[in-house]
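Input: a single structure, listed below in structure tokens.
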Amino acid sequence: MAGASSAEGRGIAVVGASLGGLRAAEQLRAAGWHGPITVFGDEPHLPYNRPPLSKAVLAGCAPTSGTELRRRPSVENVEWRLGSAVATADLTARTLTLTDGSVHMYEGLVAATGVRPRRLPMPGGPPRHVVRTLEDSAALAAGLAAGARVLVIGSGFIGCEVAATARTAGCAVTVVAPETEPMVLALGPHLARALRLRHEARGVRFRMGRLATELTPDGCVLNDGTEVRADLLVEAIGSLPNTEWLAATPGLDLTDGILCDAHLRIGGIPHAVAVGDVARFPNPRYGPVPRRVEHWSVPGDTARHAARTLVAALTGTPRDPAPCAPLPSFWSDQYTLRLQSFGQPALGDRCELLEGDPDAPDGDLLYAYYQGPRLIGVAALGGPAATTAAARHRPHLMTLPEPEPVT
């Protein structure tokens with residue numbers, strides 16, 4: 001019976017108590033694990049939804065209490081060790097050492113530690129903020145008064161969402177980033193340009209193709225010598241995977257997250273799996289290269305597969321031979337606009353405009369992205385009709401590519 005080996009009382013340890021950790025616990029139960037599950041989280045909160053932190057919560061339109069994720073009845077008997085960060089892991093001895101020095105033994109391990117904000121490698125500047133936790137969002141919200149000068153360094157998801165929220169609050173917003181267009185790495189140059197035009201139509205100023213070389217009490221100096229003045233600074237320059245707790249384990253590849261095989265096993269170890277933002281694994285939809293994907297849908301998709309892999313290993317039951325092959329998707333709300341994507345537009349080698357006028361300051365847009373002749377992603381910008389149009393293409397993205405012929 002699944003979970004019978006848990007008689008030793010160790011069970012499964014889930015390291016990380018955010019969305020990935022919650023979904024892992026739920027999927028372990030769904031996969032038939034009846035033994036103990038202990039979830040360790042460095043924050044004092046039960047799992048909560050992070051996307052609103054740069055939008056509705058930051059704008060004061062939604063209470064922080066409303067971000068707590070609903071937990072299924074199946075995890076009512078899961079033990080939550082909140083505010084208990086894991087310092088190191090010994091994957092051979094199957095032990096975790098917490099920052100308070102206590103040691104926890106386990107039978108199976110799920111790594112769900114996610115990511116943390118990358119910080120600018122320079123001192124000084126006006127009051128500096130990131131957006132990752134409830135506390136981060138509250139601290140930034142306190143400074144978004146009408147007329148405040150907000151400098152956002154970085155033009156990805158967080159940078160653009162914070163810019164939209166701050167501008168809606170009446171702040172004067174400047175975005176600085178080295179790329180050619182905001183969110184260009186996720187959207188490609190055409191849709192990214194249209195996104196910039198819509199921000200500019202609402203008063204956001206962009207300094208694209210620029211780097212901050214110095215932070216001053218009044219803002220920053222750019223690499224072209226100009227100074228941008230600001231009352232507060234938001235650092236939105238990407239993220240770093242939380243893998244340090246595994247650094248003492250020999251043989252693991254932690255160069256960009258935790259390298260896993262196609263079944264999400266860490267370094268091929270049968271009793272250890274990874275899920276969510278921290279997992280780097282090959283997705284057969286997009287070739288053999290292992291990648292990390294930081295989209296909201298990925299923790300749930302990877303948790304489902306990883307749970308089955310782990311429970312099969314711990315109980316000696318057959319494992320599903322199919323590899324983990326999620327279809328990534330994301331959305332981003334900015335002003336009254338929504339960005340919606342399915343698939344992997346970033347991997348496309350060309351894109352095609354299906355609907356809309358990209359030069360207009362408003363209106364719906366829909367792009368298709370191709371890798372050779374194959375549709376690999378769709379992305380929409382606009383209102384409900386645009387997101388519905390993108391969703392219509394989702395079935396065409398679900399089909400796995402034909403395997404390469406053996407020669």
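Predicted model, so just to flag it, every value in this text is computed and none were measured.
- For the pair Leu28/Leu310, a side-chain contact is recorded, criterion being any heavy-atom separation below 4.5 Å from C-beta on.
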Does the pair Gln334 and Thr165 meet the rule for a side chain to side chain contact (heavy atoms under 4.5 Å, CB included), with working shown?
CA-CA 7 Å; Gln334 301 173 31; Thr165 302; over 6 Å; no
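- In this structure, CD1 on Ile376 lies 11.5 Å from CZ on Arg350, to the nearest 0.5 angstrom.
- What you find for Ala325 and Pro284 is that their closest heavy atoms are CB-CG, 3.7 Å.
- Checked against His104 for a side-chain contact (heavy atoms from CB on, under 4.5 Å), the options Thr97, Thr95, Thr38 give a single hit: Thr38.
- Side-chain N or O atoms of Asn49 include none that pairs as donor or acceptor with a backbone N or O of Leu69 at under 3.5 Å.
- Between atom CD of residue Glu79 and atom OG of residue Ser84 there is a gap of 9.0 Å, rounded to the nearest 0.5 Å.
- For Phe206 and His199, the ring centers are positioned less than 6.0 Å apart.
- Contact of the Leu233 side chain with the Ile153 side chain is registered, since non-hydrogen atoms from C-beta on lie closer than 4.5 Å.
- A salt bridge does not link Asp256 to Arg291: none of the charged nitrogens lies less than 4.0 Å from a carboxylate oxygen.
- Contact between Val311 and Trp33 at its shortest, heavy atoms only, is CG2-CB, 3.8 Å.
- With respect to the salt-bridge test (charged N to carboxylate O, under 4.0 angstrom), the residues Asp333 and Lys55 do not qualify.
- Between the side chain of Asp90 and the backbone N or O of Arg94, no donor-acceptor pair lies under 3.5 Å.
- Checked against the 6.0 Å centroid threshold, Phe330 and Phe342 do not count as a close aromatic pair.
- The aromatic rings of Tyr367 and Tyr369 sit tilted, their planes meeting at an angle between 30° and 60°.
- With respect to Glu43 and Arg50, a salt bridge is recorded, a charged nitrogen being found less than 4.0 Å from a carboxylate O.
- The two residues Met122 and Arg128 make their nearest non-hydrogen contact at O-NH1, 2.8 Å.
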Between Glu135 and His45, is a side chain to side chain contact (heavy atoms under 4.5 Å, CB included) present by the stated rule, with each step listed?
CA-CA 11 Å; Glu135 291 79 9; His45 313 288; 2.7 Å; yes
Please report the C-alpha distance between Arg119 and Glu235 in whole Å, then the side-chain angles of each, then the deciding distance to 0.1 Å, and finally whether the salt bridge (Lys or Arg N to Asp or Glu O under 4.0 Å) criterion is met.
CA-CA 7 Å; Arg119 304 304 297 259; Glu235 299 175 60; 2.8 Å; yes
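- Ion pairing between a basic and an acidic side chain is recognised when a charged N comes within 4.0 Å of a carboxylate O; Arg292 and Asp277 show no such pairing.
- Residues Leu254 and Leu246 are in side-chain contact: their nearest non-hydrogen atoms beyond the backbone lie under 4.5 Å apart.
- With respect to the salt-bridge test (charged N to carboxylate O, under 4.0 angstrom), the residues Asp224 and Arg207 qualify.
- Scanning both residues, Leu314 and Gly108, for their nearest heavy atoms gives CD1-CA, 3.9 Å.
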For Arg70 and Glu26, run salt bridge (Lys or Arg N to Asp or Glu O under 4.0 Å): C-alpha distance rounded to whole Å, both residues' side-chain angles, the deciding distance at 0.1 Å, then the answer.
CA-CA 11 Å; Arg70 184 182 65 84; Glu26 292 172 340; over 6 Å; no
Could you go through the salt bridge (Lys or Arg N to Asp or Glu O under 4.0 Å) check for Asp301 and Arg23 one step at a time?
CA-CA 9 Å; Asp301 292 335; Arg23 294 292 181 256; over 6 Å; no
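- Using a cut-off of 4.0 Å between Lys/Arg side-chain N and Asp/Glu carboxylate O, Arg202 and Asp362 are scored as salt-bridged.
- For the pair Asn223 (side chain) and Leu211 (backbone), a donor-acceptor distance under 3.5 Å is present.
- Asp136 has no carboxylate O lying under 4.0 Å from a charged side-chain N of Arg132, or vice versa, which leaves the two without a salt bridge.
- Residue Leu91 comes nearest to Ala272 through the heavy atom pair CD2-CB, 4.2 Å, listed as atom of the first residue, atom of the second, then distance.
- Using a 4.0 Å cut-off between charged nitrogen and carboxylate oxygen, Glu200 and Arg167 do not count as a salt-bridge pair.
- Of the possible donor and acceptor atoms, one in the side chain of Asn242 sits under 3.5 Å from a partner among the backbone N and O of Thr113.
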Side chain to side chain contact (heavy atoms under 4.5 Å, CB included) between Val221 and Thr226, worked out
CA-CA 6 Å; Val221 178; Thr226 60; over 6 Å; no
Step by step, would you call Glu181 with Arg196 a salt bridge (Lys or Arg N to Asp or Glu O under 4.0 Å)?
CA-CA 7 Å; Glu181 299 288 357; Arg196 174 175 56 80; 2.5 Å; yes
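- No donor-acceptor pair closer than 3.5 Å links the side chain of Ser137 to the backbone N or O of Leu134.
- Residues Asn77 and Arg29 have side chains in contact (heavy-atom distance under 4.5 Å, counting atoms from C-beta outward).
- Between the side chain of Thr174 and the backbone N or O of Arg205 there is no donor-acceptor pair closer than 3.5 Å.
- Here His263 and Phe281 keep their ring centres 6.0 angstrom or further from each other.
- Side-chain N or O atoms of Gln27 include none that pairs as donor or acceptor with a backbone N or O of His305 at under 3.5 Å.
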Go through Gln340 and Thr387 one step at a time and tell me if the side chain to side chain donor-acceptor pair (under 3.5 Å) criterion holds.
CA-CA 6 Å; Gln340 178 74 65; Thr387 56; 5.6 Å; no
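- Judged purely by atom type and a 3.5 angstrom limit, Thr88 has no side-chain atom pairing as donor or acceptor with the backbone of Trp245.
- Remark: side-chain polar atoms of Ser102 are not paired, donor with acceptor, to backbone N or O of Leu98 under 3.5 angstrom.
- Contact annotation: the side chain of Ser155 approaches that of Val175 to within less than 4.5 Å [non-hydrogen atoms, C-beta and beyond].
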For Arg118 and Ser239, run side chain to side chain contact (heavy atoms under 4.5 Å, CB included): C-alpha distance rounded to whole Å, both residues' side-chain angles, the deciding distance at 0.1 Å, then the answer.
CA-CA 5 Å; Arg118 190 185 296 272; Ser239 58; 5.8 Å; no
Quick one, Arg280 with Thr255, criterion side chain to side chain donor-acceptor pair (under 3.5 Å). Give me CA distance, side-chain angles, the key distance, then yes/no.
CA-CA 10 Å; Arg280 177 164 55 99; Thr255 52; 3.1 Å; yes
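- Contact record, Pro358 with Arg198: O-NH1, 4.1 Å, taken as the closest heavy-atom pair.
- Side-chain atoms of Thr302 come within 3.5 Å of backbone N or O of Gly276 as a donor-acceptor pair.
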